[in-house]
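Pasting a structure below so you can have a look.
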Amino acid sequence: YYLALRDKLPDDPTVASALTDLMPYTVIAAEQAVSREQFDEALRLVALIEKADKTAPALPRIRQSVTTSQQAVAKRSEAEDARAKAEVEARALAQQQQLATQQAAEAEAAFGVLLDGVPAEEEIAAFLVALSARGETSDEIAGAARALRARLIPIVAPDDAIDVCGTGGDMSNSVHV
């Protein structure tokens, strides 16, 4: 109001006095807008201060405060984005680990049933062919190994006994189980 009035009555001492009296309130309002991160409002108030008095001593400080605060908000936003991305990646990794654990447990149970001789030979063959066609995961192989270990029959042999069954030396890429 007083700025518009000053434009109409540039030499009116009452208008000049009113603008001088209102300046501290406008500066405080600008600083509060900066602290609330309402930068549009802060810049609007800076423009009013500048229109009232281009040489106002608070102008450089408030402008710097707006700039510094905007940069801090941008950095905080980047940090929050990075933290959110890390949380999403951590959840995805946890889900992958949970799936791997589940696959290993399912493979252990399936191979346990196979090793216990429950299904018919055709069912066993179909299961193994399907598993091979799809491709075994390392977790499934680990589950199968646990099922084998759970059912192994320990052999009591002398300490100096040697194994002569010929696993691996014939270059046929086979393993005796």
### Task
Show your working on side chain to side chain donor-acceptor pair (under 3.5 Å) between Glu106 and Gln102 and close with a plain yes or no.
CA-CA 6 Å; Glu106 289 173 355; Gln102 182 181 353; 3.1 Å; yes
### Query
How many angstroms lie between atom CD of Gln38 and atom CG of Leu45, to the nearest 0.5 angstrom?
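Separation between the atoms: 10.0 Å.
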### Task
Could you pull out the closest heavy-atom pair between Ala56 and Pro60, with the gap in Å?
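Taking Ala56 first and Pro60 second, the nearest heavy atoms are O-CD, 3.8 Å.
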### Task
Give a yes or no on this: more than 12 heavy atoms of other residues, nucleotides or ligands lie within 6.0 Å of atom CD of Glu87.
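Yes, because the 6.0 Å sphere around CD of Glu87 holds more than 12 heavy atoms from other groups.
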### Message
For Thr55 and Asp53: C-alpha separation, side-chain torsions, deciding distance, then whether side chain to side chain donor-acceptor pair (under 3.5 Å) applies.
### Response
CA-CA 5 Å; Thr55 63; Asp53 181 5; 2.7 Å; yes
### Query
So, are Glu41 and Arg44 salt-bridged, with charged N and O less than 4.0 Å apart?
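Here Glu41 pairs with Arg44 in a salt bridge, since their nearest N and O are under 4.0 Å apart.
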### Message
Any heavy-atom pair between the side chains of Arg151 and Asp116 that's under 4.5 Å?
### Response
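Yes; the side chains approach each other to less than 4.5 Å.
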### Message
With rounding to the nearest 0.5 angstrom, report the CZ to CD1 distance, Arg146 to Ile141.
### Response
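Taking CZ in Arg146 and CD1 in Ile141, the distance rounds to 12.0 Å.
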### Message
Hydrophobic cluster membership, with links at side-chain heavy-atom distances under 4.5 Å among I/L/V/M/F/W/Y: are Ile62 and Leu59 in one?
### Response
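Yes: a chain of side-chain contacts under 4.5 Å links Ile62 to Leu59.
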### Task
Taking atom CG of Asp81 as the centre, report whether more than 12 heavy atoms of other residues, nucleotides or ligands fall under 6.0 Å from it.
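Correct, the count exceeds 12.
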### Query
Does Glu121 have any side-chain contact (heavy atoms from CB on, under 4.5 Å) partners at least two apart in sequence or in another chain, and if so, which?
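Result, side-chain contact (heavy atoms from CB on, under 4.5 Å) vs Glu121: none returned.
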### Message
Rounded to the nearest 0.5 Å, what separates atom OG in Ser69 from atom CZ in Arg36?
### Response
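That separation rounds to 12.5 Å.
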### Lys85/Glu80 ion pair, N-O < 4.0 Å
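Between Glu80 and Lys85 there is no salt bridge, as every charged N stays at least 4.0 Å from the carboxylate O atoms.
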### Query
Heavy atoms, side chains only, cut-off 4.5 Å: are Val27 and Arg61 in contact?
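Yes, at least one pair of side-chain atoms sits under 4.5 Å.
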### Task
Answer yes when Arg134 and Glu140 have at least one side-chain N-carboxylate O distance shorter than 4.0 Å, and no when they do not.
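Judged by the 4.0 Å cut-off on N to carboxylate O distance, Arg134 and Glu140 do form a salt bridge.
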#### Entry: Nearest-0.5 Å distance that lies between atom CZ in Arg91 and atom CD in Gln98
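Rounded to the nearest 0.5 Å, the CZ-CD separation comes to 13.5 Å.
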### Query
Which value, rounded to the nearest 0.5 Å, describes the distance between Gln103 atom CD and Asp139 atom CG?
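Taking CD in Gln103 and CG in Asp139, the distance rounds to 6.0 Å.
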### Message
I need the Glu108 CD to Leu115 CG distance, nearest 0.5 Å.
### Response
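Taking CD in Glu108 and CG in Leu115, the distance rounds to 10.5 Å.
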#### Entry: Close side-chain approach of Arg63 to Glu50, heavy-atom, < 4.5 Å
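The answer is yes, as the side chains (C-beta and beyond) meet within the 4.5 Å cut-off.
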### Query
Between Arg76 and Val73, does a side-chain contact (heavy atoms from CB on, under 4.5 Å) hold up when you go through it step by step?
CA-CA 5 Å; Arg76 187 175 64 231; Val73 167; 3.7 Å; yes
### Task
Could you go through the side chain to side chain donor-acceptor pair (under 3.5 Å) check for Thr68 and Gln64 one step at a time?
CA-CA 6 Å; Thr68 303; Gln64 181 61 41; 2.9 Å; yes
### Query
Residues two or more places apart in sequence or in another chain: which of them pass ring-ring contact (aromatic ring centres under 6.0 Å, His included) with Phe127?
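Applying ring-ring contact (aromatic ring centres under 6.0 Å, His included) to Phe127 gives Phe111.
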### Query
Does Leu93 sit in a hydrophobic cluster with other residues, and if so which ones, taking ILVMFWY side chains as linked at heavy-atom separations under 4.5 Å, directly or through other members?
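Via sub-4.5 Å side-chain contacts, Leu93 links to none.
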### Query
Between the main-chain N or O of Ala74 and the side-chain N or O of Ser77, is there a donor-acceptor pair closer than 3.5 Å?
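Flag not set: sc Ser77 to bb Ala74 has no pair under 3.5 Å.
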#### Entry: Atom of Ala42, atom of Ala30 and distance for their closest heavy-atom approach
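The answer is CB-O, 3.9 Å.
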